[in-house]
Each structure stands twice: as structure tokens, then as C-alpha cells.
Trainee: 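Here you go, one structure.
Atom set for the values below is all heavy atoms of this structure, side chains included, hydrogens, waters and symmetry mates excluded. Proteins come first, then strands; the chains are lettered A, B, ... in the order of their sequence lines, and each starts at number 1.
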Amino acid sequence: MQEKTTKGILLDVDYVNREEGSAKKSVIRLFASTGKGIEAFEDWNFKPYFYVKAQDLDKAEKALGEAAFGESREVKVKSIERVKRANAENILRLSFENVQDLVAARAEVLGIEGILEKAEHDIPFARRWLLDHEAEPMNGIEIFLEGNKAKKVKIVEREKPEFRVAAFDLETLSPGRFSDPKQDPILMASFAMGKEAKALGNGQVLGKNAKVLSYGKGFGKEVDVFEDEKAMVKGLEERIREKKPDVIATYNGDLFDFPYIKERAERLGLGFAISSDGSQPKLIRKGRDNAAKLVGVQHLDVYQMLRFLARFAVVSLVKFDLESVVNSLYSIEKEKIKAEEINKIWGERKGLDRLAEYCAEDSAYTLKIAEQYLPLVVELCKIVKQPLFEVGRASASMLVEFLIMEKCFETGRLIANKPDDAAVQQRLMHPIKGGYVKEPLPGLHENIAVLDFSSLYPTIIISHNVSPDTVGCPHKECMEKNLAPNKQWFCSKKSGLIPEILETLFERRIKLKRQAKKLDRKSPEFVILNARQQALKILLNSFYGYLLYSRSRFYSREAGSAVTAWGRQYVQWVGSEAEKAGFELLYNDTDSAFLIIPAAKERKDVLAFVEKINKELPGVMNVELEGFFKRGIFVTKESGEGAKKKYALIDYEGNLKIVGFEYVRRDWAPIAKETQRQVINAILQEGNPEKAIEIIREKINALSKGNAKKSELTVLTQIKRPLEKYESIGPHVAAAKKAAAKGREIGIGSIIGYVITRSGKSISDKAQLAEYVNEGNYDPNYYIQNQVLPAVMKIIREFNVSREDLLQGGKQSKLGAFS
DNA sequence: TAATTCGCTAGACCGA
DNA sequence: TCGGTCTAGCGAA
């Protein structure tokens, strides 16, 4: 047979069942973007398998060879193989003709005499292929073909893979209720593609870079007008197929656009066949929600991606509707046309071009955000070796698990099984001790140096070889030399599974950061290197949590608590060394130390201290100077102690850093937050409490006159459970319930924006969803007493100013007594 | 099908 | 009506 090779970018792997003679055979399909669009290649040589641990290999082989599984009692093991694993004995690999046979056999295999355990039985077939071939989705691949079948694959590193990215968006009719695809038509669709988006700058009207499809009369010439909904849906399908994107971005396409268009297409007697194999989008379960999966071409739900990135603090977002996101990322006020207005425009056929512009903007911005964050997500795909579809919706635990499983494969270890529910419950009942937080000395401080351990927990794991497979080794030497303060010790002779992975990630990141430092921050090379190091950082920081995560395959209470025990020891050691060196220790939190530089010392003494500390720290552990600060303020709790996790600093350039205060919390009214920021600024910037008092009086005055705007008064709080499950009805729940009674849908995860109005008795009684509240309808007393004053009193209390001083405008004779 | 622990604070809730 | 306790949410690391 003729041999040839094809090169491309690996996008996706799945499997299909094919006939081979009379047998049903599961066959792997690889989807690669080759320049001619997305092509599929089949690998017929890879079989689904899992492992069992046997009491006696000979007997087990015989029993398994004779066994028949499934309802039909016709399912046989195709082949049995003895394999060596580094961490287990008496292991057999059972291979099957197809996935369904494997599923039937794994359900019953423990019933066979002499089979003690099963392992790696829950790894989906396509993922199994990726694992065993160490292939990297979203990276280059060379496929060696024999005829039309894939024989072998090789990774070809692409420094900067280019993807064809597209986005689409739908507008639907919602007559007095939420749109229902069983009845309500799609009114409009927009489609945006790759190159156009790159030229876009801030402030530009993005809409014109997307094409709008609709039907009926009354449109300008920018819109592709079809005969009816059916023709429009077909038109969108054709456009997508013709443009051959590698990635299709949507905003909430998992839960809205895809399910909607799929249902509509079906009802209209059409398909929406935009997958690379000509199939329809599949709605599959992914965690709590559904996800819309395409074959080959990768569906990236930008909404899901942003949720993911927000969890890792790559983006800082509070509300996730597209308008808020665009505003937060690009400082652009994007127009939102509400459902009722869409209905009206459509019905009266007036303002259709405005609606078209709105629709176009949705897909254009979706595309813009997708392209901006794609480098980071692509790097994650390459590192954890999973497709974009998976990574864009993954949790931290899944990413870590992917990496550990690969390491196991690479080093010939058997992958540990998932815990059963009883084990999960057990784990949850035994939390461990975490980081150390020192009570700060409240008040205003000057000349502060902040030191930080860089990646404290990962570097402890690496430097002390902390891992589930190195804990409590039999060596006396390790017990003496590598003993954690929690009395657990770890082997120092062979490296553990987790430290091995972390060390690789850590070194790669250091190298990338070093390279990136030499580049211009705006250059495309920098963007790629930066995305890569950020991806590594996300992963590095996720491992410690995974050790203590209750559903972890590699849970280790011993390892996890050793990490924090060492962490507490090291951070306190730095503190006491600093005191010995003549600094005053102001505060610690987990991995940081705040030092006051006394008059007799200078910056270079701090640097010398850091250098000395680093010489004494083991392995890759390292302390760095986060910065010098001119002033800082810590406050007192109601109880009189210094409050932890709340402080504000100002550097010598006048930049404020506010931590933990109401100012950074979304569940406080903007008016209270802003006043607090101004007060902190007045005190840190100018050391001027009088000015702070003026600011506060002004705000109180405006509030009591009724001059505050609704937007300054709206408090945001998340609904975290079904409304009827609340034991205690707080203001946000009360407001949500009232809104729900009016027919608003409020589900888990909704962010409630509410205002405390004048009508009602308790605070909850007075709470109403902001959109139902008229400007000016607010309870000034609440906002003064429960919002502004508590937020600012914390701070100016340190200067002996009382509530009365602020409210009555009395003299501040006590002022200054503090310092 | 969800990474961890530490910490602060509000407002409801409950019993005296 | 008061004060203590509990529920709930969010942020720091």
C-alpha cells in the first residue's frame, strides 16, 4: 500500500463504530486543520482497553478468556495481556473490539473470581488515544497514512499556530416570556470571521465587521435579507460551511444559541450541519450544565471561557452579560436592546437597522474576546493535551488530573481510581490546617517593605518532594532530613509523581519569563510567551488544591497538610529573621511578610535581607521583594483586635493598593465603596483626615437630600441556591423572590442588583431589584447608617473621629491625638 | 459533576 | 426590644 504523510493542526479526536467483516469495531477519528479545511483520518489499530489486578495471573487469564459479558452473554474480551506497572503488580490489560463491549465487561468484571480491582476503566476512548499517543491538540501534527488510514502520528511544534476563528449570534422573538424554540422564531443572525476583527481598535463600531442575516421588509442594504426564517437558517449554515472555521465562538452558545437553532432547524425541516463530519451539534452533559459539541471544528463558548478565566484571576469580572464584559474589558458602552424592545422593533418593523447593528456587535465582540484569550487557552490545550472544547470548559481539578494521568502513562504507573462516595464524604469530614495569618498592628504606618514567597506551595512541593507516593517512606534518613512540621516525612531518594510534574512546569515557566522580559510587551512574540507562562502559572497553582480535593484521584491529606505546615513554618521564620535583622514585623498572610523599615535602615538593607534569606531557603524556594510603600493602613475590628486581610498601601508613585476592604467587594453599594476609596486616598496620599471628613460629610449630605443616583445605590449579590432553599431571607433573596413573583427567572448563579427603598419595615422588606426601582426611591438612612458610615468609620476611627463628629459636623478637637 | 483554608461582616433569626 | 447566634456571601492567599 502507498504511504504518505499529511501535516496539520490537530483539532479533535473522537471515535465511531465501523463494520469489519461481521464485527463492530470502534475506530478513532482524528480531525486536523490542513489548509484545505478540516480533514478526518481514521486510526483502525487502536483498541479500547482497561486494566484489572488479579490474585493469580494464570487463573485470571483463564477465567477472563472464558468469560462472556453483557445481556446477550456474547461479549468477549478480545485480548488479554500481562503488563508491568511501576506502582502495581499482577496487572492484566483487557482489550475489546469496541467501546460498548468494554462498557459491558467493566460492569461485571469484578464478579469474576480472582479479579481484585479494575483500573483506568473510566477513561473515554478518544481521551485514551490522546493519552497513549502523547498527542497535543491545537498543536501541529504529522499523520503517516497507509491508504486512507492513519498509521502513526508525530507532534510538530508550531510556535504560533494560526486558527480560523468565527463567531455567530442569534436574536429571537420572546412574546411576553423567555424565548421558546418550540414556538418562537429566530429573527436575526450575525456572523463574524477572523481577519476583520484584528483590525479593530477601541471605540470603533464593531458591528460593521460582522454580517447580519435576516428576513422580511424594512432593512437597509447592509443586511442579507432572506425570504423567511427557514432560508435564513440555511443561509447561516451555508456561510459557516463555506468559511471553514477551525473554531466557532459563541456567547452562551452552550445553553442558548446552539440548543435554540438546533430545535428551530428541526422544526423547519432543516439541519444545522456545521460539524466537520456533516453531523448536527450534540448537546452533551458537561458538569452541571449542557454543552454544545461539534465534531472536528471546536465550539468555544466565550461565556464559559470567561467564567473559567475569572476563576483563575486572569480576568477580573463581576457580571458576565456581554455588555458588562465589553465595558469591563474595553471600557466601551455597548448598547443593550432588551427583549421587549426587540419584539417591538420586529413587530412594527421600525428600527430594524439598529437591531441589526446590535446583533452584529454581539458576534463581533464575541469574536474579539475569543481571539484575545485564545493564545492562553491554546497553550493550556497543548500543555494538558486536551482539545479546546474540553479545556474551555474544564475545572482546575480536571486540568491537574489530565497532567497527572499523562505523567502516569509516561512513567508506566497505573492511574489511581476515583474515590467512591463514602470516601469522598470521609475526606470532607477531615479538613486540614491552612496558612498562617498574623494579627496586624492597627493604625497608619510608614516606610513599608512587602516580601513574598514566589509560588510558595508549588515550591514547597518541589523542594521537599511532597507527593502521595513519597510520604512515609521506609528510610530513616528521609525521616530525619525531610520531616515536615506536621510530623510527615517524604522520601528524598526517588522523586514523587507530583513534584516531578511541578518541577517541569516550574522550570518551563522560569525560562519563559526570562525570555519574555527581553521582549517588547506589545510584540506578538511577547503575547505568546506571556500566554504560555500564564497558562503554566494557572496549572502550578492548582496542584496543592487537588491534593486536598475530595474527589481527587491522588488525594493525600498527609501531603496537603505537610505543604501548609511547611508554609506556616517558612513564613514565620522569615518574620522572625526580619525582626532579628532589625525590622519591625507588621503582618503576615500565608506567603507574605510586611516589614516596617526603621529610620536607621534603608532599602538596600531590605534587599540584603532578602538575599540572605534566599541563600538559606531549600531547593527552588524563593522570596522576592514585592515593593516599597510610603504608607499603609491597617484597621481595628469591632472587638478591638487588628483586622486581618484588610489593608491599604500607597507606593512612592502614589498608586493605591486596597485589599479586602468594602471597596473591593461587590456586595456593597458603589456610593459606600467610592467614599471609602476617597477617604483612604486622602489619608494615605496626603495624610489628611480633615479632608476625609469633608468628603464623608458631602456624601452624607447628598444622600439625605435624595440626590444619590440609583446606580450608586445598587448592591450586587449572587443567588447561590434555589430561592426556596434559603433558611435566612437576606435582602438579595427577598428582592429576588419579589422579582420571581413578577415572572422573572432567577436561577442559581444569578447576580441580583438591588436597592433599599423607602417602603417596608425590615431591610429585606425594603429591598427591590434595581430595575423595578424609580430614581430617587431609596432609604437615605440605610445608605448613611449601613453603607457609607460603616465603610469609612473603620478607617477614620484610627484617627479618633467618631460617628457623631461626622453626622453633627462638630469640632474635631481630638483629631491628631492618634499619631 | 465542584481546587484549598482563613477571615470578616451583614442581617436574619430566636429566645428572654 | 435587646443581645447572642447562625446563615450567607465574598474576598485573600
Side-chain angles (χ1 to χ4, degrees), chain A residues 284-291 307-308 311-313 316 318 393-401 418 421 424 427-428 430-440 452-453 455-457 538-552 554-555 557 559-561 563-565 567-568 571 587-592 626 635-639 641-647 657-669 672 715-721 725-734 748 751-752 756 761-767 782 785-787 790-791 794:
Chain A
I284 63 168
R285 199 122 190 99
K286 197 94 207 167
R288 226 189 313 242
D289 292 320
N290 281 334
R307 301 290 294 227
F308 168 85
R311 283 203 295 278
F312 294 105
S316 150
V318 182
R393 295 165 182 78
S395 60
S397 66
M398 284 165 72
L399 297 179
V400 169
E401 203 166 272
K418 287 182 187 158
D421 283 349
V424 170
R427 292 170 180 188
L428 286 171
H430 300 285
I432 63 125
K433 215 170 153 185
Y436 167 73
V437 190
K438 178 187 156 66
E439 185 192 330
D452 250 329
F453 277 91
S455 306
L456 178 68
Y457 288 173
I538 287 172
L539 293 168
L540 279 165
N541 288 335
S542 301
F543 272 77
Y544 155 75
Y546 186 73
L547 283 175
L548 294 170
Y549 165 51
S550 58
R551 311 196 91 96
S552 168
F554 300 89
Y555 181 86
R557 199 175 179 274
S561 60
V563 172
T564 57
R568 291 190 297 276
V571 79
Y587 181 59
N588 291 112
D589 186 350
T590 311
D591 63 353
S592 65
E626 206 209 271
V635 298
T636 314
K637 286 194 289 177
E638 214 62 59
S639 64
E641 298 157 86
K644 299 168 177 177
K645 299 190 186 281
K646 268 184 204 291
Y647 57 85
K657 183 177 176 181
I658 300 179
V659 178
F661 279 117
E662 286 70 12
Y663 173 68
V664 299
R665 296 180 64 99
R666 71 165 167 217
D667 57 348
W668 278 75
V715 175
L716 303 179
T717 310
Q718 193 181 176
I719 293 292
K720 304 189 85 156
R721 57 183 73 176
K725 288 264 171 76
Y726 279 91
E727 285 180 40
S728 174
I729 311 300
H732 67 297
V733 182
I748 295 174
I751 306 279
I752 301 296
I756 301 302
K761 259 181 107 184
S762 70
I763 293 169
S764 285
D765 289 342
K766 296 179 185 176
Y782 171 83
Q785 296 294 338
N786 298 36
Q787 290 278 340
K794 285 199 171 71

Trainee: Does a distance-only test, which skips hydrogens and angles, find a donor-acceptor pair under 3.5 Å between the side chain of A:Arg666 and the base of C:dC10?
Mentor: no

Trainee: Closer than 4.0 Å, any side-chain N/O of A:Tyr647 to the OP1 or OP2 of C:dA13?
Mentor: yes

Trainee: Is it the case that over 12 heavy atoms from other parts of the model lie below 6.0 angstrom from the OH atom of A:Tyr555?
Mentor: yes

Trainee: Could A:Asp589 and A:Lys438 be called an ion pair, given the rule that one side-chain N must be under 4.0 Å from one carboxylate O?
Mentor: no

Trainee: Rounding to a whole Å, what distance do you find between A:Tyr587:OH and B:dC6:P?
Mentor: 14 Å

Trainee: If the cut-off is 4.0 Å, is A:Lys720 near the phosphate of C:dT7, judged by side-chain N/O to OP1 or OP2?
Mentor: no

Trainee: When we call it a touch if two heavy atoms are under 4.0 Å apart, what does A:Lys418 touch: a base, just sugar-phosphate, or nothing?
Mentor: nothing

Trainee: Tell me: CZ of A:Arg427 to C1' of B:dT5, nearest whole Å?
Mentor: 18 Å

Trainee: Could you tell me whether the phosphate oxygens of B:dA3, OP1 or OP2, come under 4.0 Å of any side-chain nitrogen or oxygen in A:Asn541?
Mentor: no

Trainee: If the P atom of C:dA13 is compared with that of B:dA2, how far apart are they to the nearest Å?
Mentor: 27 Å

Trainee: Output yes when at least one side-chain N/O atom of A:Arg721 is less than 4.0 Å from OP1 or OP2 of C:dA8, else no.
Mentor: yes

Trainee: When you check the phosphate oxygens OP1 and OP2 of B:dA2, does a side-chain N or O of A:Tyr549 lie under 4.0 Å from one of them?
Mentor: yes

Trainee: Here's a test of your reading of the structure: between A:Arg551 and A:Glu638, which maps to the more 5' nucleotide of DNA chain B?
Mentor: A:Arg551

Trainee: Quick check on B:dA12: is either OP1 or OP2 less than 4.0 Å from any side-chain nitrogen or oxygen of A:Ser764?
Mentor: yes

Trainee: Identify which nucleotide among B:dA12, C:dA8, C:dA13 has an atom closest to any side-chain atom of A:Ile763, counting heavy atoms from C-beta outward.
Mentor: B:dA12

Trainee: In whole angstroms, how far is the C1' atom of C:dA12 from the CG atom of A:Asp667?
Mentor: 15 Å

Trainee: B:dT9, B:dA3, B:dA12: which one has an atom nearest the side-chain heavy atoms of A:Ser728?
Mentor: B:dA12

Trainee: Strictly below 4.0 Å, N to O, side chains only: are A:Lys657 and A:Glu626 in salt-bridge contact?
Mentor: yes

Trainee: Measuring from the side chain of A:Arg665 (C-beta onward, heavy atoms only), which nucleotide among C:dA13, B:dC8, C:dA8 has the closest atom?
Mentor: B:dC8

Trainee: Any side-chain donor-acceptor pair under 3.5 Å between A:Ser762 and A:Ser764?
Mentor: no

Trainee: B:dA3 C1' sits how many Å from A:Phe543 CZ, rounded?
Mentor: 11 Å

Trainee: Using a cut-off of 4.0 Å on non-hydrogen atoms, how would the nucleic acid contact of A:Leu547 be classed: base, sugar-phosphate, or nothing?
Mentor: nothing

Trainee: Whole angstrom is fine here: how far is it from CG in A:Leu716 over to C1' in B:dA10?
Mentor: 16 Å

Trainee: Could you please name the option among B:dA3, C:dA8, C:dA12 that lies closest to any side-chain atom of A:Ser395?
Mentor: B:dA3

Trainee: Could you check A:Thr636 against A:Glu641 for side-chain contact (heavy atoms from CB on, under 4.5 Å), going step by step and ending with a plain yes or no?
Mentor: CA-CA 6 Å; A:Thr636 314; A:Glu641 298 157 86; over 6 Å; no

Trainee: Taking NZ from A:Lys794 and P from B:dG7, how many angstroms apart are they, rounded to a whole number?
Mentor: 17 Å

Trainee: Quick one: A:Phe312 CZ to B:dT4 P, roughly how many Å, whole number?
Mentor: 12 Å

Trainee: What is the distance, to the nearest angstrom, from the CD1 atom on A:Ile729 to the P atom on C:dC6?
Mentor: 19 Å

Trainee: Measuring to OP1 and OP2 of C:dA8, would you say a side-chain N or O of A:His732 lies under 4.0 angstrom away?
Mentor: no

Trainee: I want to check something: taking the side chain as every heavy atom from C-beta on, are A:Lys644 and A:Pro440 in contact at a cut-off of under 4.5 Å?
Mentor: yes

Trainee: For A:Tyr726 and C:dG9, is the shortest distance between a side-chain N/O and OP1 or OP2 below 4.0 Å?
Mentor: yes

Trainee: Within the 4.0 Å heavy-atom criterion, would you say A:Lys645 contacts the bases, only the backbone, or no part of the nucleic acid?
Mentor: base

Trainee: Map A:Lys433 and A:Gly545 onto DNA chain B by nearest heavy atom, then report which one ends up closer to the 5' terminus.
Mentor: A:Gly545

Trainee: Between A:Tyr782 and B:dG11, does any side-chain N or O lie under 4.0 Å from OP1 or OP2?
Mentor: yes

Trainee: Taking the minimum atom-to-atom distance to the side chain of A:Glu662, which one of B:dT4, C:dA12, B:dT9 wins?
Mentor: B:dT9

Trainee: What I want to find out is whether A:Asp421 reaches A:Arg551 closely enough, with some N-O distance under 4.0 Å, to be called a salt bridge.
Mentor: yes

Trainee: Check this one for me: any side-chain N or O of A:Lys646 less than 4.0 Å away from OP1 or OP2 of B:dC8?
Mentor: no

